[in-house]
Peer 1: 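The structure that follows is given in the form of structure tokens.
Numbering starts at 1 and runs along the sequence shown.
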Amino acid sequence: MKHKKVLGSTGLQLFYLGVFLVFIAPIVRLLFMSLKGSDGYGLSNYQVLLQEKRTREAIFNTILIAASSTMIAIVAGSGLALAAAYTNIKRKRLLELLVLLPFIIPSYIITLSWSGFLSKKGIVNQILGAVGIGPVNIYSIGGILLVIGICNIPVVYMSVIHMLRRIPRDLEWASRACGFGLSYTLVHVDLVQVLPAIIAGGLLAFLSAIDNFSVPAFLGISSGIPVLSTYIYEKAIGFGPDAFPLAAALSVLLSVIAVGGTLMETALVGKNGKSESIKE
């Protein structure tokens with residue numbers, strides 16, 4: 001019996017050690033690296049970075065692009081999930097395959113396709129110019145958030161469609177039996193039940209957006225649009241003893257934004273936690 005307890009205690013210690021080495025140790029190492037300066041450990045790297053206009057611009061662009069692209073992903077992903085779950089449109093499997101394509105195809109390939117589709121001399125911009133709307137510049141903040149939003153639509157779609165398929169039809173029938181219309185039932189029954197899934201999918205889309213490197217690198221570097229993911233790369237490949245400490249400090253700032261988004265999602269889901277009673 002004691003032998004089993006010893007083995008169980010040893011196995012538990014090895015488990016926690018593995019968790020620490022895989023998840024915690026690299027973060028602690030990154031944090032210490034961000035605090036390392038020429039005069040020892042301190043906040044000098046953060047002070048230097050936050051005094052630079054480019055750093056503040058990168059932080060602002062990161063939050064703007066992540067938030068805007070997340071809204072695109074939430075609206076489009078939730079709408080497509082509702083269409084697939086509650087309408088009788090034909091070829092739903094084909095629709096689902098098309099929606100999931102941005103998840104299957106690497107984001108840099110999607111970026112290449114959109115940059116070619118909306119090139120200055122392309123057919124789309126020629127038509128827009130002919131009708132007086134003007135050409136669309138894909139190499140802009142709007143172009144970056146559009147492409148990232150499209151890439152993250154499958155994340156929201158899969159989260160929402162899974163929850164929609166788990167909602168008991170009895171709730172909808174009860175609402176209709178009480179005299180409520182289809183639109184009222186959809187808003188006050190179905191959307192209320194699926195709201196935690198929408199928020200969770202939005203969080204994943206937000207984290208994916210702030211972590212995305214290929215899209216802002218391809219569309220933003222040539223246009224002088226910095227975001228934290230590309231700015232970290234610029235600092236990391238720079239010369240000098242401060243290259244990696246500065247890149248580590250930027251990485252910590254990016255992590256703070258990610259943690260802030262996660263805490264916000266947790267608060268929103270907590271307020272709507274009653275809707276999860278359907279799982280019981």
Peer 1: Show, in sequence, the C-alpha distance, side-chain angles and deciding distance for Gln13 and Tyr16, and conclude whether the side-chain contact (heavy atoms from CB on, under 4.5 Å) test is met.
Peer 2: CA-CA 5 Å; Gln13 292 176 0; Tyr16 284 124; 5.9 Å; no
Peer 1: Mind checking whether Pro135 and Lys120 have side chains closer than 4.5 Å, heavy atoms only?
Peer 2: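 Contact flag for Pro135/Lys120 side chains = no.
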Peer 1: Without swapping roles, check the side chain of Ser208 against the backbone of Ala205 for a donor-acceptor pair under 3.5 Å.
Peer 2: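 Checking the backbone N and O of Ala205 against the side chain of Ser208, no donor-acceptor pair under 3.5 Å is found.
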Peer 1: Keeping the roles fixed (side chain from Ser69, backbone from Ala66), state whether a donor-acceptor pair exists under 3.5 Å.
Peer 2: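 Between the backbone of Ala66 and the side chain of Ser69 there is a qualifying donor-acceptor contact (under 3.5 Å).
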Peer 1: Counting only heavy atoms not in Leu263, do more than 12 fall under 6.0 Å of its CG?
Peer 2: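 Yes, CG of Leu263 has more than 12 neighbouring heavy atoms, counting only those of other groups under 6.0 Å.
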Peer 1: Indicate yes or no: at least one non-hydrogen side-chain atom of Ser229 is less than 4.5 angstrom from one of Pro216.
Peer 2: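 When only atoms from C-beta onward are counted, Pro216 and Ser229 do touch, with a gap below 4.5 Å.
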Peer 1: Closer than 3.5 angstrom, by distance alone: can the side chain of Ser159 be matched with the main-chain N or O of Ala197 as a donor-acceptor pair?
Peer 2: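 Checking the backbone N and O of Ala197 against the side chain of Ser159, a donor-acceptor pair under 3.5 Å is found.
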Peer 1: Report the distance from atom OG1 of Thr62 to atom CD1 of Ile210, rounding to the nearest 0.5 Å.
Peer 2: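 Going from OG1 on Thr62 over to CD1 on Ile210, the span is 8.0 Å.
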Peer 1: I'd like to check Glu96 versus Tyr157 (side-chain heavy atoms, cut-off strictly below 4.5 Å). Are they in contact?
Peer 2: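 Side-chain contact under 4.5 Å: yes.
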Peer 1: Determine, step by step, whether Phe213 and Ser107 satisfy the side-chain contact (heavy atoms from CB on, under 4.5 Å) criterion, reporting the C-alpha distance in whole Å, the side-chain angles of both residues, the deciding distance to 0.1 Å, and the verdict.
Peer 2: CA-CA 9 Å; Phe213 174 81; Ser107 58; over 6 Å; no
Peer 1: Is the backbone N or O of Ser140 less than 3.5 Å from a side-chain atom of Ser223, with the two atoms forming a donor-acceptor pair by type?
Peer 2: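 Flag not set: sc Ser223 to bb Ser140 has no pair under 3.5 Å.
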Peer 1: Measuring only between side-chain heavy atoms, which start at C-beta, is Thr262 closer than 4.5 Å to Leu207?
Peer 2: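 Yes, close enough: below the 4.5 Å cut-off.
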Peer 1: For the atom pair OG (Ser44) and CG (Asp242), what is the distance rounded to the nearest 0.5 Å?
Peer 2: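 It is 7.5 Å, given to the nearest 0.5 Å.
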Peer 1: Measure across Ile144 and Val215 and return the closest heavy-atom pair with its distance rounded to 0.1 Å.
Peer 2: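 Looking at all heavy atoms of both residues, the shortest contact is O-CG1, 3.9 Å.
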Peer 1: Side chains of Phe206 and Met264, heavy atoms from C-beta outward: is any pair under 4.5 Å?
Peer 2: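 No, every pair of side-chain atoms sits at 4.5 Å or beyond.
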Peer 1: With rounding to the nearest 0.5 Å, note down the distance linking CG in Leu31 to OH in Tyr41.
Peer 2: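 Output value for this atom pair is 10.5 Å.
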Peer 1: To the closest 0.5 Å, what do you measure between OH (Tyr46) and CD (Gln51)?
Peer 2: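 So the OH of Tyr46 and the CD of Gln51 are separated by 15.0 Å.
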Peer 1: With clusters defined by side-chain heavy atoms of hydrophobic residues (ILVMFWY) lying less than 4.5 Å apart, directly or transitively, does Ile161 cluster with Val194?
Peer 2: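 Hydrophobic grouping puts Val194 apart from Ile161.
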Peer 1: Could you check whether atom CZ of Arg29 has more than 12 heavy atoms from other residues, nucleotides or ligands sitting under 6.0 Å from it?
Peer 2: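 It does not: Arg29 CZ has 12 such atoms or fewer within range.
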Peer 1: If you define the side chain from C-beta out and look only at heavy atoms, does anything of Leu253 sit under 4.5 Å from Ile257?
Peer 2: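 A side-chain contact is absent here, since even the closest heavy-atom pair is not under 4.5 Å.
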Peer 1: Within the 4.5 Å heavy-atom criterion, are Ile198 and Met163 side-chain neighbours or not?
Peer 2: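 The answer is no, as the side chains (C-beta and beyond) never meet within the 4.5 Å cut-off.
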Peer 1: State whether the side chain of Thr230 and the backbone N or O of Pro226 hold a donor-acceptor pair below 3.5 Å, judged by distance alone.
Peer 2: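 Not at all, since once roles are kept as given, no pair shorter than 3.5 Å links the two residues.
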Peer 1: Less than 4.5 Å apart, side chain to side chain, heavy atoms only: is that true for Ile148 and Cys151?
Peer 2: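 Contact flag for Ile148/Cys151 side chains = no.
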Peer 1: Would you please test Leu35 and Asn45 for side-chain contact (heavy atoms from CB on, under 4.5 Å) and show each step?
Peer 2: CA-CA 7 Å; Leu35 297 173; Asn45 292 327; over 6 Å; no
Peer 1: Roughly how far, to the nearest 0.5 Å, is the CG atom of Asn61 from the CD1 atom of Ile141?
Peer 2: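 Taking CD1 in Ile141 and CG in Asn61, the distance rounds to 4.0 Å.
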Peer 1: Which of these, Val147, Asn137, Leu146, sits in a side-chain contact (heavy atoms from CB on, under 4.5 Å) with Leu219?
Peer 2: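 Exactly one option meets the side-chain contact (heavy atoms from CB on, under 4.5 Å) with Leu219, and it is Val147.
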Peer 1: Begin from the C-alpha positions of Trp114 and Ile150 and carry the test side-chain contact (heavy atoms from CB on, under 4.5 Å) through to its verdict.
Peer 2: CA-CA 11 Å; Trp114 273 96; Ile150 292 172; 3.3 Å; yes
Peer 1: I'd like to know if the side chain of Gln126 reaches the main chain of Lys121, judged simply by a donor and an acceptor atom lying under 3.5 Å from each other, with no hydrogens or angles considered.
Peer 2: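 A pair under 3.5 Å: yes.
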Peer 1: Rounded to the nearest 0.5 Å, what's the gap from CG on Leu94 to CD1 on Ile89? Could you check?
Peer 2: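 If we round to the nearest 0.5 Å, Leu94:CG and Ile89:CD1 are 10.0 Å apart.
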